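Here is how names work: the chains are called A, B, and so on, in the same order as the sequence lines, proteins then strands, and each is numbered from 1. These numbers were taken from a predicted model, which means no experiment stands behind them.
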Amino acid sequence: MSKINELFNEKINVINVGIESFKDDMIKQNATVTHLEWMPPGRGNPEIIAALDKLEEPTIAEKIEEANKLAVEKIVNSQPVLIGFDQAINVVPGMTKTTILHAGPPITWDKMNGPMKGAVTGAIVFEGLAKDIEEAEKLAASGEITFSPCHEHNCVGSMAGVTSASMFMHIVENKTYGNIAYTNLSEQLSKILRMGANDESVINRLIWMRDVLGPILRDAMKLSANGIDLRLMLAQALHMGDECHNRNIAGTTLLIQALTPLIIQTDFTTEQKKEVFEFVASSDYFSGPTWMALCKCALDAAHGIENSTVVTTMARNGVEFGIRISGISGNTWFTGPAQKVIGPMFAGYKPEDSGLDIGDSAITETYGIGGFAMATAPAIVALVGGTVEDAINFSTKMKEITTTENQNVTIPMLNFMGIPTGIDVRKVIQTGIMPIINTAIAHKDAGIGMIGAGITNPPVEAFEKAILALSENII
Amino acid sequence: MTVQVVVKANTYIDSVSLMSLSTKANQIEGVEQAIIAMGTEMNKEVIRNVGLMTQEVEEARTSDLMIVVKAENEEMCESAFVGIEELLTKKNKPSKGSSEVKYSTIKSAAENIPDANLAIIAVNGMYAPREARKALENNLHVMMFSDNVSIEDEIALKQLAHEKGLLMMGPDCGTAIIGNVALCFANAVRKGNIGIVGASGTGSQELSVRIHEFGGGITQLIGTGGRDLSEEVGGIMMLDGIKALQEDEATKVIVLVSKPPAPIVEEKVLAQIKKSAKPVVVWFVGGDEEKVTKAGGHFAKMSKEAALKAVLLAGADESKINKRALNLPLVEEVRAKLKPEQKYIRGLFSGGTLCDEAMHIAMEKFDNVYSNIQREPEFRLKDVKVSQDHTFIDFGDDQFTQGKPHPMIDPSTRIERFIQEAKDPSVGVIVMDFVLGFGAHEDPVGAMLPAIIEAKQLAEDEGRHLEIIGYILGTELDSQNIEGQINKLLAAGATHASSSQNAGLLAREFVVKGE
């Protein structure tokens with residue numbers, strides 16, 4: 001029987017695209033109808049649609065599917081393990097005494113926003129390169145400081161991402177593929193360097209982190225036989241109600257639980273160890289950077305796969321939002337303007353005080369947690385509009401723009417669906433659905449710090465530039 | 001400025017909820033600044049920094065909730081506290097648990113709904129072919145309502161559909177009934193044993209409605225889109241549609257409707273009819289009887305005739321059918337009322353084939369029939385806004401729908417034109433269609449009614465009779481209440497025609513002179 005004749009004998013089940021009133025009429029006649037949330041692909045821009053069309057030609061599409069399959073396999077199979085802590089100058093590739101790494105795509109001193117300038121000058125003072133903030137500003141503008149994106153040094157940095165030579169770093173090794181990722185230690189929340197604050201209290205905390213916290217963690221991890229399996233811990237934290245970007249309560253508890261037996265064996269004083277535990281307990285954010293390094297470690301393994309349209313980096317420098325694509329290897333960034341972050345703010349601050357979206361922390365969404373795993377964290381639904389349903393919708397919606405589900409990291413509330421993994425540039429352009437990012441809000445001016453948290457999206461321009469480049473590169 | 005502070009002892013709210021509350025509180029009218037926070041040192045510091053520190057705040061404990069409001073005056077402060085209290089006590093609606101999943105692409109919907117079998121595409125013609133291709137690739141039959149799609153795209157899509165054995169109805173296909181579900185613009189009609197393949201939307205609607213009225217019913221109504229029988233497209237979908245109905249057990253009789261096909265395509269269609277074991281009734285508006293008969297088909301010149309032939313072939317008892325013969329006494333009566341100079345018909349249609357049918361009926365007796373859809377360039381209106389002699393206008397044609405909804409939904413353009421025609425002393429008859437059914441205007445006669453009453457009055461004041469014929473395409477099952485529509489028409493002094501065919505015949509006969 002032909003398919004047309006089969007249709008005559010089936011119950012009509014319609015996918016309705018466009019005029020919604022057609023749906024209502026069909027439902028009145030007991031037909032099953034699904035109305036699509038449809039938008040013109042590529043915002044209706046013919047050039048973008050042509051690029052999309054090219055990538056959908058059967059022979060090209062087949063190559064892409066194969067490449068993307070490999071890319072997400074690498075992301076899913078990566079096993080990032082925390083193997084140690086050390087100072088940046090000792091471990092980070094390309095680090096020098098006058099290098100300052102920052103979040104997001106490349107940016108020059110004159111273009112940096114308030115929080116990043118605040119963090120940079122604070123770091124210069126912290127490193128002893130200038131005696132005060134004023135002198136640090138002159139030095140930063142002099143050309144003697146090398147600015148470079150964290151991402152281009154196997155690193156990620158939250159918010160301003162500012163990382164200098166003597167800061168202590170997580171060292172995370174990908175046991176499956178051998179690559180290593182680094183990230184700074186958490187300064188905990190609020191008035192801190194990475195949020196742009198740089199007064200004496202901030203510098204003093206950094207000094208304590210360099211002289212006490214960092215060395216204790218370094219020595220502790222030297223006592224760990226196999227390191228700490230971060231992916232396993234991440235999966236547990238998600239099951240305990242974290243989305244591991246804006247909410248890190250469970251993850252922090254799990255991490256310090258694993259570190260504690262090691263820390264107490266180190267040669268530091270009880271008073272110093274107590275300071276470390278109190279510091280960790282002072283906010284829930286301690287494990288935040290740790291997950292970022294995990295994500296970076298997994299995504300770097302998937303970068304540089306020919307013909308892949310999977311996004312391997314999303315990062316912001318406070319002025320521009322940049323993405324990198326697996327199929328376009330190396331450090332080619334596709335950028336658009338950084339967006340506003342919408343969400344609740346600390347008492348006393350208003351939306352106009354906010355700096356624009358900043359930080360490498362969107363690496364968590366690139367991996368599939370954070371906003372993508374929002375359904376695991378009903379406790380913080382206030383950040384995303386207020387209802388548990390909204391949270392669930394964010395996670396299911398992200399499946400529309402991703403390649404697969406990562407069954408190593410699951411969401412109990414969605415029947416243990418794996419986290420949506422492998423953002424596909426083609427799907428973003430086709431649907432107009434932008435990745436959803438949970439993030440913090442820094443004050444727009446230097447020296448103040450965190451003032452809230454909420455959600456944001458990447459600018460569509462970054463994806464449009466990427467798809468044009470992909471359509472030219474893929475043959 | 002007034003500052004007021006409330007400290008609620010031992011009231012804990014988590015920090016994220018508090019941020020959300022503060023944000024909303026700051027949006028309350030008249031509030032200069034509102035801070036809702038737990039009594040921690042950090043929060044007190046913030047309050048101190050903005051200069052709102054009070055004794056109460058100073059003394060608040062970590063477990064106390066502090067509410068500080070700075071507003072224009074005391075009254076506004078008070079109302080702000082009322083608002084904040086509401087925010088504090090307001091509970092969100094309980095979650096529905098699993099919410100309805102929404103899809104953004106045909107592909108993801110098709111993958112997640114394994115029973116999906118048909119896609120209706122009604123997006124801008126610029127994007128429609130792409131979506132149709134996705135649907136076909138995912139093994140969905142397609143009905144494409146969108147127009148402004150290139151003929152190259154149409155051919156490619158129909159070829160793809162043909163290879164995959166799928167329906168590709170359209171582009172510009174507004175009418176179909178599949179599995180007794182009316183799609184887009186179609187009428188509610190009885191289930192039966194007659195299958196229709198139509199390259200014309202309102203033509204198909206008219207057939208299904210007349211078949212219903214004559215007691216018959218429909219198995220499937222497959223729309224092909226108006227260009228299917230052009231030389232370029234080659235009737236791909238009409239041929240596949242006929243084949244499917246030939247193989248369909250429930251279908252006993254097949255009816256085809258179209259404008260005259262390209263000769264080479266007509267041959268193919270007739271060859272397919274020749275192979276048919278089932279009777280096929282062919283109504284190609286203005287078509288050729290001989291060719292059809294030669295191919296073993298049943299020729300129909302007009303719509304009612306086609307429907308009647310179909311129901312008889314399907315086994316209806318002729319003696320029980322009210323054929324609705326033309327009201328000849330009425331013809332005499334109206335002829336007598338019209339002045340000698342009232343020579344012309346003006347047809348104002350929302351349905352393209354209804355217009356075409358009335359026009360062809362007029363052309364049988366007059367050689368000065370003009371239209372915006374005339375195939376002969378000589379008789380095409382120079383300016384679609386200006387009528388000439390006998391004029392028939394299809395308001396559904398592109399010239400009238402650019403950037404506007406179809407006249408079946410939005411009658412405004414036709415109303416305007418109607419008044420213009422009514423003022424013309426050379427006009428004897430204005431004939432109009434009113435389409436009911438799914439997708440159509442909820443009260444099409446009602447929308448035209450004030451204009452009809454006004455026109456009648458205007459003519460009367462000028463001492464002439466203006467004859468207005470209304471045809472209502474619909475069944476008693478349609479939601480618009482066809483009886484009510486007819487009554488409105490009659491009450492306004494218009495004549496009600498019982499079919500598209502009769503509307504055309506009445507209009508013509510009213511103005512025929514000297515017979």
Side-chain angles (χ1 to χ4, degrees), chain A residues 1-19 21-22 25-26 28-32 34 36-41 44 46 49 53 190 343-351 379-380 382-383 386-389 392-393 396-397 399-400 427 430-433 452-453, chain B residues 16-20 22-23 26 33 35-37 42-43 46-47 49-50 92-93 95-96 99 101-106 108-110 113 115-124 126-127 130-131 135 140-141 145 164-167 178-179 181-184 219-220 240 244 247-248 250 438-439:
Chain A
M1 195 188 284
S2 83
K3 281 188 195 149
I4 300 178
N5 289 90
E6 279 170 25
L7 177 69
F8 294 166
N9 296 305
E10 285 168 359
K11 186 173 163 22
I12 298 296
N13 189 325
V14 178
I15 295 172
N16 191 49
V17 196
I19 301 174
S21 62
F22 290 161
D25 281 340
M26 287 184 279
K28 275 183 213 151
Q29 303 173 74
N30 294 320
T32 310
T34 308
L36 281 198
E37 284 192 329
W38 185 88
M39 271 189 283
I49 296 175
D53 281 342
S190 204
M345 308 184 78
F346 290 158
Y349 294 106
K350 293 178 175 171
I380 55 161
L383 293 177
T387 69
V388 174
E389 204 174 322
I392 294 172
N393 286 344
T396 51
K397 189 132 219 164
K399 281 200 336 181
E400 294 257 328
K427 293 186 177 181
Q430 168 72 56
T431 60
I433 299 173
Chain B
V16 167
S17 299
L18 282 173
M19 288 197 280
S20 165
S22 281
T23 305
N26 274 297
Q33 182 142 50
I35 300 174
I36 310 172
M42 190 191 107
N43 288 335
V46 168
I47 294 172
N49 286 347
V50 292
N92 283 322
K93 275 185 289 176
S95 165
K96 273 180 260 161
S99 51
V101 184
K102 301 214 169 83
Y103 303 101
S104 298
T105 62
I106 287 179
S108 64
I113 311 168
D115 292 337
N117 47 23
L118 177 75
I120 292 183
I121 292 163
V123 299
N124 187 305
M126 212 169 119
Y127 315 118
R130 186 185 162 77
E131 299 302 323
L140 297 170
H141 299 276
F145 178 77
K164 302 197 75 157
L166 295 164
L167 285 176
I178 302 293
V181 177
L183 306 175
C184 302
T219 51
Q220 314 290 338
D240 282 358
E247 283 162 25
D248 176 42
F438 294 105

Exercise. Could you please spell out the steps behind the side chain to side chain contact (heavy atoms under 4.5 Å, CB included) verdict for K397(A) and S104(B)?
Key: CA-CA 9 Å; K397(A) 189 132 219 164; S104(B) 298; 4.3 Å; yes
Quiz item: Could you state the interatomic distance from CG (L118(B)) to CD (E10(A)), rounded to the nearest 0.5 Å?
Solution: 10.5 Å
Quiz item: Looking only at heavy atoms, which two atoms of P46(A) and M126(B) are closest? And how far apart?
Solution: CG-CE, 4.5 Å
Self-check item: CG-CD distance between N5(A) and E247(B), expressed to the nearest 0.5 angstrom
Solution: 5.0 Å
Quiz prompt | Which portion of L167(B) sits near chain A, non-hydrogen atoms under 4.5 angstrom | solution = both
Quiz item: At a heavy-atom separation under 4.5 Å, does K11(A) approach chain B through its side chain, its backbone, both, or neither?
Solution: backbone
Exercise. Compare all side-chain heavy atoms of P41(A) with those of Y127(B) and state whether any distance is below 4.5 angstrom.
Key: yes
Quiz prompt | Contact summary for A244(B) and I4(A), nearest pair of heavy atoms | solution = CB-CG2, 3.5 Å
Self-check item: Under 4.5 Å from any heavy atom of chain A - which part of S22(B)
Solution: side chain
Quiz prompt | Among the listed options T32(A), I12(A), N9(A), T431(A), the residue most often paired with chain B at heavy-atom distances under 4.5 Å | solution = I12(A)
Quiz prompt | Top of Q33(B), H141(B), K164(B) for chain A proximity - count of heavy-atom pairs under 4.5 angstrom | solution = H141(B)
Practice problem: Just give me the residue among I15(A), D53(A), I19(A) that pairs up with chain B most often, heavy atom to heavy atom, under 4.5 Å. | Solution: I15(A)
Quiz item: Roughly how far, to the nearest 0.5 Å, is OH of Y349(A) from CD1 of I35(B)?
Solution: 9.5 Å
Quiz item: Listed by chain and number, what are the ring-ring contact (aromatic ring centres under 6.0 Å, His included) partners of F22(A), not counting sequence neighbours?
Solution: F145(B)
Practice problem: Between chain B and each of P40(A), S21(A), P351(A), count heavy-atom pairs under 4.5 Å; write down the option with the most. | Solution: P40(A)
Quiz prompt | Distance (rounded to the nearest 0.5 Å) between F438(B) CZ and K28(A) NZ | solution = 6.5 Å
Quiz prompt | Closest approach of M26(A) to A182(B) (non-hydrogen atoms, all atoms of both residues) | solution = CG-O, 4.1 Å
Exercise. Provide the closest heavy-atom pair for K350(A) versus N26(B) in the form atom of the first, atom of the second, distance.
Key: CE-OD1, 4.4 Å
Quiz item: Heavy-atom distance under 4.5 Å to chain A: side chain of D248(B), backbone, both or neither?
Solution: both
Quiz item: Does any heavy atom of chain A fall under 4.5 Å from the side chain of L140(B), the backbone, both, or neither of them?
Solution: side chain
Self-check item: Candidate list I120(B), T105(B), I121(B), test side chain to side chain contact (heavy atoms under 4.5 Å, CB included), partner V17(A), passing option
Solution: I121(B)
Quiz item: What part of V46(B) is in contact with chain A, defined as an atom under 4.5 angstrom from a non-hydrogen atom: side chain, backbone, both or neither?
Solution: side chain
Quiz item: Is chain B contacted by the side chain of N30(A), its backbone, both, or neither, given a heavy-atom distance below 4.5 Å?
Solution: neither
Self-check item: By ring-ring contact (aromatic ring centres under 6.0 Å, His included) - contacts of F8(A) (at least two apart)
Solution: none
Self-check item: N/O donor-acceptor pair under 3.5 Å between N117(B) side chain and N13(A) backbone
Solution: yes
Practice problem: Would you name the heavy atoms of E400(A) and S108(B) that are closest together and state the gap between them? | Solution: OE2-OG, 3.0 Å
Quiz item: How far apart are the closest heavy atoms of K3(A) and G165(B), and which atoms are they?
Solution: CB-O, 3.2 Å
